[in-house]
**Student:** 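So that we are looking at the same thing, I have put the structure below in structure tokens.
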Amino acid sequence: MDIKSILLKKFGFEHFRVGQEEVIRNVISNRDTIAILPTGSGKSLCYQLPAYIKNGAVLIISPLVALMEDQVAIMKKNGEKRVVAINSFLAYKDRQRIMNRLDLYKFIFISPEMLMQNNVAEQIKKLKIAFIVVDEAHCISQWGFDFRPDYLRIGEFLKQLERPNILALTATADNQVLGDIINYLRLETPAVHKHSLDRKNISYSMKQMNSEHEKTAWILERTKKTAGPGIIYVASRKRADELAIYLKEHGISIASYHAGMEQEDRAFIQEQFITGEINWICATTAFGMGIHKNDIRQVIHENMSSTIAGYMQEVGRAGRDGDLSAATLLFTEEDIGKTRFIVQNDLPTETEVRHYFNLIKEGSSKNEATQLSGISETGTRIIDYYLERMPMESALLKIKEQKTEKEKQLQNMLHIINGENCIRKSLLKFYGETLVAAPASCCSVCGLGEEDWLFEMKRGNSTRQIVDWADRLARLLQS
DNA sequence: CGCACTAGTTATAAAACTAGTGCGGTGCTTTATT
């Protein structure tokens, strides 16, 4: 059966969306593939369709338990029964039952951590696997070096299987991230599908402020007078709660969201935001992955991001429907030191690493060594990863490199914030793209701010008309 | 690093100052014990 008829029969679509068909053809022809496709462009079809052509199960490595559960639920709703997620949500008994009959499933969702467990790995090795999917593959770069080293181990593990082909999926990847994906998944001459990251309907602005107070006042004004739905990203959990309460007291429909909350509450708030019961979300970086909401009009950053990659991920959640949207970043001079501290702090110092190493050598347990050396639990997991592979001096060097890399990323962000060049152009340049034509509402450097249409939207005018207006203006300026 | 907060100091007491301390993101997993 050809893929078009499967598309129609299994999924009910007449045509592929942009990018899908090429990716699917690569997967079918047994080639390692990296697909950088925007969220909401139908990434899951890229592995679901080939799954029905090939023999064996599809293993989908996913970063979040909540995300897996969502995807399993959707697939079941669509009539696919042979789908399961292996994670800590499973009751012991269910897990035993499922692990013993893994061969019954066509789609198996799993976290990298679970995959590394011996008993799980043994069961997986027995399976006939059609191909492997690494969903949200940028997590390798973004989280693997920081606190989830099992992301770095995926490639090694897959080598033990009969090297099934790999499909890596993500929405954004600069060359650095792309390199990490290739290296750590050990991809062999992968086909890379990349589309432009230029989002014409997002207008970027960056504003320097003198104090936290000024930021708060600006955000209140903005949320009161301009259109939502929107996300406000803040730097700490405490601030997320406080700002949400403050804005709520001033009549804004808003809730906070961060990793310090119960899973249940997080899911509930996310749901309310998606359905429109809540207009704004005040969140840490915990919010966003796997959120399907097309009409987000604004993303406000109350602080600078520590990396451009992270900023692009967060900002990219705006305007998936194609209508005009605004991305606004506020910052003060003081933010720089604070941001630097947060990203550098979790990496242990040389003294701490040596102390930890000696304790282990002298026979201390891992727990003891962690406690006595004063290194965070996540920190020791990173050290362990290196120490398993190289002598201590090399491990120390790796951690040092990691610190340098973090500083470089922060400098890249600062460069854009303080730069005098068009923000869109600078962001695209970071991803190796050249800006062809700037839209009317480009960015705060280009001087075509977003204010007017944002206030208009609040008054209830259709955004579609406003897009037309912006297009007309763009054409006028070009001619 | 830098901000916010607390405890201690001063010495008519009250408020105001100083020094010290705490706090700061992202998520998977999960044993034996409350």
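In what follows, chains are A, B, ... by sequence order, proteins preceding strands, each numbered from 1. None of these values were measured; they are calculated from a predicted model.
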**Student:** Without decimals, in angstroms, what is the distance between A:E334 CD and B:dC1 C1'?
**Tutor:** 11 Å

**Student:** Considering only atom C1', compute the distance from B:dT9 to B:dA14 and round it to an integer number of Å.
**Tutor:** 13 Å

**Student:** Under 4.0 Å between a side-chain N/O of A:R95 and OP1 or OP2 of B:dT30, yes or no?
**Tutor:** yes

**Student:** For A:K215 and B:dC3, give me the distance from atom NZ to atom P, rounded to whole Å.
**Tutor:** 11 Å

**Student:** Out of A:F145, A:Y151, A:Y385, A:F157, which one pairs with A:Y184 under the ring pair (Phe, Tyr, Trp, His ring centres under 6.0 Å) rule?
**Tutor:** A:F145

**Student:** Between C1' on B:dG25 and CZ on A:R266, what's the gap in Å once rounded to a whole number?
**Tutor:** 11 Å

**Student:** Does B:dG24 have its OP1 or OP2 closer than 4.0 Å to a side-chain nitrogen or oxygen of A:S236?
**Tutor:** no

**Student:** Side-chain N or O of A:R237 versus OP1/OP2 of B:dT26: is the shortest distance under 4.0 Å?
**Tutor:** yes

**Student:** Pick out which of A:K403, A:Q409, A:Q411 makes a side chain to side chain donor-acceptor pair (under 3.5 Å) with A:E407.
**Tutor:** A:Q411

**Student:** Just checking, is any N or O donor in the side chain of A:H258 or A:T284 under 3.5 Å from an acceptor N or O on the other one?
**Tutor:** no

**Student:** Give a yes or no answer on whether the side chain of A:Q117 reaches the backbone of A:M114 with a donor-acceptor pair at less than 3.5 Å.
**Tutor:** no

**Student:** Find the distance A:M68:CE to B:dC28:C1' and express it as a whole number of Å.
**Tutor:** 8 Å

**Student:** State which of B:dG24, B:dT26, B:dG27 makes the closest approach to the side chain of A:K338.
**Tutor:** B:dG24

**Student:** Measuring from the side chain of A:S111 (C-beta onward, heavy atoms only), which nucleotide among B:dT29, B:dG24, B:dG27 has the closest atom?
**Tutor:** B:dT29

**Student:** What's the gap between B:dG27 and B:dA4 when it is taken at their P atoms, as a whole Å value?
**Tutor:** 26 Å

**Student:** Counting only heavy atoms not in A:K429 (residues, nucleotides, ligands), do more than 12 fall under 6.0 Å from its NZ?
**Tutor:** no

**Student:** Looking at A:F273, is A:K293 sitting on its ring face, NZ or CZ under 6.0 Å from the six-membered ring centre and within 45 degrees of the normal?
**Tutor:** yes

**Student:** Could you give the CZ-to-P distance, from A:F147 to B:dC28, as a whole number of Å?
**Tutor:** 9 Å

**Student:** Any side-chain to backbone donor/acceptor pair from A:S394 onto A:M390? Under 3.5 Å, distance only.
**Tutor:** no

**Student:** Write down the distance between CD1 (A:I154) and C1' (B:dG27), rounded to a whole number of angstrom.
**Tutor:** 14 Å

**Student:** So what's the dot-bracket for DNA chain B: Watson-Crick or G-U pairs under 3.5 Å, [ ] if a pair crosses, | if it pairs off-strand?
**Tutor:** ((((((((((....))))))))))..........

**Student:** On the nucleotide B:dT30, are OP1 or OP2 found under 4.0 Å from the side-chain N or O atoms that A:Q117 carries?
**Tutor:** yes

